[in-house]
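What's counted below: heavy atoms across the whole structure, side chains too, no hydrogens, waters or symmetry copies. Heads up: numbering here begins at 1 and tracks the sequence.
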Amino acid sequence: MSEHTGLSEGDYGVLDRLVLFGDGSLRQQGLAVSMDWDKSRLSHHLTRMEKRGLLIRRPLDNDRGVQVIITSAGKSALDDARPIVAKAIRKHFLDQLTDQDIESITKMAERTKAESKESCKTPPP
């Protein structure tokens with residue numbers, strides 16, 4: 001992906017989360033949690049991405065937090081990377097699955113979905 005888009009896996013993960021989880025903008029702390037990165041690692045990574053014009057950071061007015069916002073250049077880079085990532089997922093994962101693998105994954109997904117629906121209906125103890 002890096003060769004074709006200039007984005008590292010970390011860059012892609014940050015930009016993808018900004019769009020999918022935050023409609024283009026997330027609190028830096030929430031982004032760190034979603035990436036399972038510590039604050040320092042994320043901060044250094046965001047600094048490098050900000051220098052490349054992929055995102056900006058703004059302090060929140062009423063809080064001590066920081067908002068991370070994707071730029072048009074970041075959105076464009078993400079859009080360019082998505083087909084490459086999708087192709088790699090297909091080649092290295094989906095195309096390797098047997099019919100039995102697909103059946104097992106489907107059953108697990110259905111069970112997880114059913115359990116998730118039930119847990120939403122059941123009040124906590």
Side-chain angles (χ1 to χ4, degrees):
M1 178 174 61
S2 183
E3 291 175 27
H4 297 286
T5 67
L7 295 179
S8 68
E9 288 180 29
D11 296 340
Y12 182 86
V14 167
L15 297 175
D16 189 51
R17 281 167 177 79
L18 289 174
V19 170
L20 291 178
F21 299 153
D23 199 28
S25 173
L26 283 174
R27 287 178 62 112
Q28 187 166 321
Q29 179 60 33
L31 185 57
V33 169
S34 77
M35 303 244 349
D36 196 26
W37 286 7
D38 64 51
K39 288 189 271 186
S40 176
R41 177 181 181 190
L42 180 63
S43 181
H44 288 292
H45 196 92
L46 295 179
T47 297
R48 291 188 297 272
M49 291 179 73
E50 199 168 20
K51 286 179 183 175
R52 292 169 37 220
L54 300 172
L55 55 84
I56 57 173
R57 289 183 282 184
R58 299 266 190 257
L60 293 169
D61 293 335
N62 58 352
D63 201 349
R64 290 182 19 200
V66 173
Q67 196 75 11
V68 181
I69 306 159
I70 193 169
T71 62
S72 58
K75 179 75 170 90
S76 179
L78 179 63
D79 290 343
D80 290 346
R82 282 196 165 134
I84 294 164
V85 171
K87 186 176 179 180
I89 290 169
R90 172 153 301 284
K91 178 181 177 184
H92 298 290
F93 179 69
L94 297 176
D95 288 349
Q96 307 303 315
L97 298 175
T98 65
D99 289 342
Q100 185 178 2
D101 294 334
I102 293 169
E103 184 179 329
S104 295
I105 291 169
T106 301
K107 284 180 183 177
M108 286 187 295
E110 288 169 353
R111 185 174 58 235
T112 302
K113 183 178 176 182
E115 289 171 1
S116 178
K117 281 184 179 180
E118 275 304 310
S119 68
C120 289
K121 292 178 188 175
T122 308

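- A 6.0 Å sphere centred on CG of Asp36 holds no more than 12 heavy atoms belonging to other residues, nucleotides or ligands.
- Under the 4.5 Å side-chain heavy-atom criterion for Ile, Leu, Val, Met, Phe, Trp and Tyr, Val33 and Phe21 are members of distinct hydrophobic clusters.
- Using a 4.5 Å cut-off between side-chain heavy atoms of Ile, Leu, Val, Met, Phe, Trp and Tyr, with links allowed through other members, Met49 and Trp37 fall into the same hydrophobic cluster.
- Under the salt bridge (charged side-chain N to carboxylate O under 4.0 Å, His left out) criterion, Arg82 pairs with Asp16, not counting sequence neighbours.
- Using a 4.5 Å heavy-atom threshold, the side chains of Arg111 and Lys107 count as separate.
- Looking only at distances, a side-chain donor or acceptor of Gln96 sits under 3.5 Å from a matching main-chain atom of Lys91.
- There is a path of hydrophobic side-chain contacts, each under 4.5 Å, that joins Val19 to Val14.
- To the nearest 0.5 angstrom, Thr47 atom OG1 is 9.0 Å from Leu42 atom CG.
- Considering only heavy atoms from C-beta on, Gln67 stays 4.5 Å or farther from Gln28 through its side chain.
- Side-chain heavy atoms closer than 4.5 Å link hydrophobic residues (I, L, V, M, F, W, Y) into clusters, and following such links, possibly through other members, connects Leu18 to Leu20.
- Qualifying side-chain contact (heavy atoms from CB on, under 4.5 Å) partners for Ile56, counting only residues two or more places apart in sequence or in other chains: Glu50, Arg58, Ile69, Thr71.
- The shortest heavy-atom contact between Ser8 and His45 is OG-CE1, 3.8 Å.
- Ala77 meets the side-chain contact (heavy atoms from CB on, under 4.5 Å) test with Leu7, Leu54; sequence neighbours excluded.
- Heavy atoms of other residues, nucleotides or ligands lying less than 6.0 angstrom from CG of Asp23 number 12 at most.
- When all heavy atoms of Ala73 and Gly53 are compared, the pair lying nearest together is CB-O, 3.5 Å.
- The NE2 atom of His92 sits 10.0 Å away from atom NZ of Lys87, with the distance rounded to the nearest 0.5 Å.
- With sequence neighbours excluded, no residue forms a side-chain contact (heavy atoms from CB on, under 4.5 Å) with Ser2.
- No donor-acceptor contact under 3.5 angstrom links the side chains of Asp79 and Ser76, judged on distance only.
- Using a 4.5 Å heavy-atom cutoff, the side chains of Ser43 and Arg57 are in contact.
- Applying the side-chain contact (heavy atoms from CB on, under 4.5 Å) rule to Leu97 yields the partners Phe93, Leu94, Asp101, Ile102, Ile105; only residues at least two apart in sequence or on another chain are considered.
- Looking at residues two or more places apart in sequence or on another chain, you find no salt bridge (charged side-chain N to carboxylate O under 4.0 Å, His left out) involving Arg48.
- Remark: the backbone N or O of Gly13 is paired with a side-chain donor or acceptor of Arg17 at under 3.5 angstrom.
- When the side chains of ILVMFWY residues are joined at heavy-atom separations under 4.5 Å, either directly or via intervening members, Leu26 and Leu60 end up in two distinct hydrophobic clusters.
- Taking 4.5 Å as the limit, some side-chain heavy atom of Leu46 sits within range of a side-chain heavy atom of Leu31.
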